[in-house]
Amino acid sequence: MTHRVTFIPGDGIGPEVAWAARRCVEATGVRIHWEERVAGEAAIKQFQTPLPEVTLQSIRDNRVAIKGPITTPIGTGFRSVNVALRKQLNLFACLRPCRTFAGVLSPFQKVDLVIVRENTEDLYAGIEFASGMPETKRLIEEFQKSTQQPIASDSAISIKPISAGATERIVQFAFEYALANGRKKVTAIHKANIMKFTDGLFMETARRVASRYSSIAFEDRLVDATCMQLVLRPQDFDVLVLPNLYGDILSDLCAGLVGGLGLAPGANFGNDIAVFEAVHGSAPKYQGLNKVNPTAMILSAVMMLRYLNELEAAQRLEAAVSAVLREGESVTYGLKRDRNDLTSKGTSEMTDAIIERMKTVKVEKIARS
Ligand code: NAD
């Protein structure tokens, strides 16, 4: 069977790492009809918008996409092209596995956790009012009247919507993921002691959903305490489910636990659409230097292969990535003990090594996520 996949190279280091991932997928032998579409800076040049309808329609048609990171250009009316893409396609769940690899320098060993981030609500919804604007002043007056709380007249205001419906959907997604992937525990993260209505609703809804899944352990924790626990004992965590903003911040924190952004893959899921992308951004200062680590994008492609039910290819590719990281020879400079190591390889040479390693690698265990 030939799969159809929308391929978006992205901006900055995007094309380098997206092509690395595509070359690896092609080397597995899985048949894919790639439909290349633009978003970000390339799209502005061609369509005068960073997120053209043809790109969105291609993803809607193919239902699967893999994209390089996209720079959010200043002054286009988009707070973030990525946030807009997730909203337009209703990609409500963001899945970001974080695990340690042998051979990679990281503060911890044996970390294997998964972040499930709500993608559509929260302070990330982009409902904001600028300081000094007439509508902001009106809101401040209204809020002061109805809450009897003082708000400085020169304040800017951001709105934090958290709904029972979207929370139920994301927590259910986390539990279903845990069930399907042999995970043992789901931890819901919030700050309900202070934000009693928004985070309180998230916490109550999570507890209610958890009661339907007796075979998976459940706990809820405060976000600040969780940050401390994560940097002390990340091995205590399994699946974490979070509102949008905490999910964004803890994704980077967890990437740091396992060796950095170059190793953190991800995917965004709607009801019947999936978009695979690394956690990292377009790192413009490294653009075109053939220096950055392609692992995060290649592991995002592994997740895509699993989603397409190409399990053997996914395992083979993941095993090859693990082997190259473990052997530590054909890796980019950031993965070397000494970042000035003259034996470090470029992005494309590391990709070649992974493709070569796929021919000989032993596939030993069914890897998660
Ligand atoms: P970034 O993730 O692009 O870069 C931060 C730093 O992380 C880099 O300077 C680099 O040191 C390191 N890094 C990132 N990817 C790496 C890799 N593959 N290998 C080695 N090191 C790597 O974050 P930023 O600088 O805050 O954002 C740059 C642009 O990317 C912004 O326009 C932002 O909006 C965008 N962005 C896009 C996405 C996305 O497309 N999903 C995500 C985050 C940020």
Side-chain angles (χ1 to χ4, degrees), residues 6-21 24 37-44 50-51 55 59 65-89 91 94-96 98 101 104-106 115 117 119 124 126 244-245 247-256 258-269 274-301 303 321 324-325 331-336 339 344-351 354:
T6 302
F7 175 75
I8 303 169
D11 297 322
I13 59 167
E16 294 165 58
V17 291
W19 270 100
C24 287
R37 293 289 180 269
V38 286
E41 286 164 350
I44 293 178
L51 194 53
T55 301
I59 303 174
I66 187 161
K67 67 173 270 290
I70 295 170
T71 303
T72 293
I74 295 160
T76 59
F78 281 79
R79 271 190 176 75
S80 157
V81 181
N82 300 294
V83 172
L85 181 80
R86 290 168 202 159
K87 272 192 169 180
Q88 295 266 349
L89 299 172
L91 302 170
C94 179
L95 189 70
R96 293 175 161 176
C98 269
F101 286 91
V104 174
L105 274 182
S106 62
I115 300 256
R117 165 186 172 189
N119 247 352
Y124 243 85
N244 208 340
L245 181 64
D248 183 42
I249 297 167
L250 266 65
S251 294
D252 277 34
L253 187 151
C254 290
V258 300
L261 280 171
L263 292 141
N268 299 287
F269 296 100
V275 177
F276 297 84
E277 61 175 343
V279 173
H280 65 72
S282 59
K285 69 178 174 190
Y286 294 103
Q287 174 173 359
L289 300 181
N290 192 34
K291 281 188 89 166
V292 295
N293 182 358
T295 305
M297 264 315 286
I298 296 173
L299 291 176
S300 304
M303 293 172 76
V321 172
V324 167
L325 291 173
V331 295
T332 48
Y333 78 102
L335 292 164
K336 294 281 188 185
R339 291 166 81 88
S344 15
K345 299 287 186 289
T347 311
S348 60
E349 290 71 27
M350 181 169 172
T351 308
I354 291 167

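Heavy-atom basis, side chains included; hydrogens, waters and symmetry copies ignored. As the structure lists them, so they are numbered: ligands from 1, and atoms in each ligand from 1.
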Please state which part of [X] comes within less than 4.0 Å of ligand 1, counting heavy atoms only: side chain, backbone, both or neither.
X: Leu261; answer: side chain
X: Asn82; answer: side chain
X: Lys67; answer: side chain

Looking only at protein heavy atoms, which one is nearest to [atom], and how far off is it?
atom: atom 3 (O) of ligand 1; value: Ala283 N, 2.7 Å
atom: atom 22 (C) of ligand 1; value: Gly262 N, 4.6 Å
atom: atom 44 (C) of ligand 1; value: Gly281 CA, 3.4 Å
atom: atom 30 (O) of ligand 1; value: Ser282 N, 3.0 Å

Residue-ligand contact Val279/ligand 1, heavy atom below 4.0 Å: yes
Is Val17 in contact with ligand 1, taking contact as a heavy-atom separation below 4.0 Å? no
Arg86 NZ/CZ over Tyr124 ring centroid, <6.0 Å and within 45° of normal: no
Any cation-pi pair here, Lys67 with Phe276, using under 6.0 Å and within 45°?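 Pair Lys67/Phe276 does not count as cation-pi.
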Student check: side-chain heavy atoms of [X] and [Y] closer than 4.5 Å:
X: Arg117; Y: Asn244; value: yes
X: Ile66; Y: Ile8; value: no
X: Ile59; Y: Leu85; value: yes

Under 4.0 Å to a heavy atom of [X] - the qualifying atoms of ligand 1, by number:
X: Lys285; result: 9 (O)
X: Thr72; result: 32 (O), 34 (O)
X: Thr71; result: 32 (O)
X: Tyr286; result: 9 (O), 10 (C), 11 (O)
X: Ile70; result: 35 (C), 36 (N), 37 (C), 39 (C), 40 (O)

Counting only non-hydrogen atoms of the protein, does one fall under 4.0 Å from [atom]?
atom: atom 11 (O) of ligand 1; answer: yes
atom: atom 25 (O) of ligand 1; answer: no
atom: atom 1 (P) of ligand 1; answer: yes
atom: atom 42 (C) of ligand 1; answer: yes
atom: atom 6 (C) of ligand 1; answer: no

Determine yes or no for a side-chain-to-main-chain donor-acceptor pair under 3.5 angstrom, with [X] supplying the side chain and [Y] the backbone.
X: Asn290; Y: Gly346; answer: no
X: Thr351; Y: Thr347; answer: yes
X: Asp11; Y: Gly40; answer: no
X: Arg339; Y: Tyr333; answer: no
X: Glu16; Y: Gly288; answer: yes

So which of His280, Glu16, Glu277 gets nearest to atom 16 (C) of ligand 1, if we judge by its closest heavy atom? His280
Just go through Asn293, Asp252, Asp11 and tell me whose heavy atom is the nearest to atom 19 (N) of ligand 1.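 Of the listed residues, Asn293 has the closest heavy atom.
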Just checking, any donor-acceptor pair under 3.5 angstrom between side chains of Arg96 and Ser251?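 Yes.
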Would you kindly say whether Ser282 and Thr71 are connected by a side-chain donor-acceptor distance under 3.5 Å?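 There is such a pair (donor and acceptor under 3.5 Å, judged by atom type) between the side chains of Ser282 and Thr71.
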Single hit among Val258, Val279, Leu263 for side chain to side chain contact (heavy atoms under 4.5 Å, CB included) with Cys98: Val258
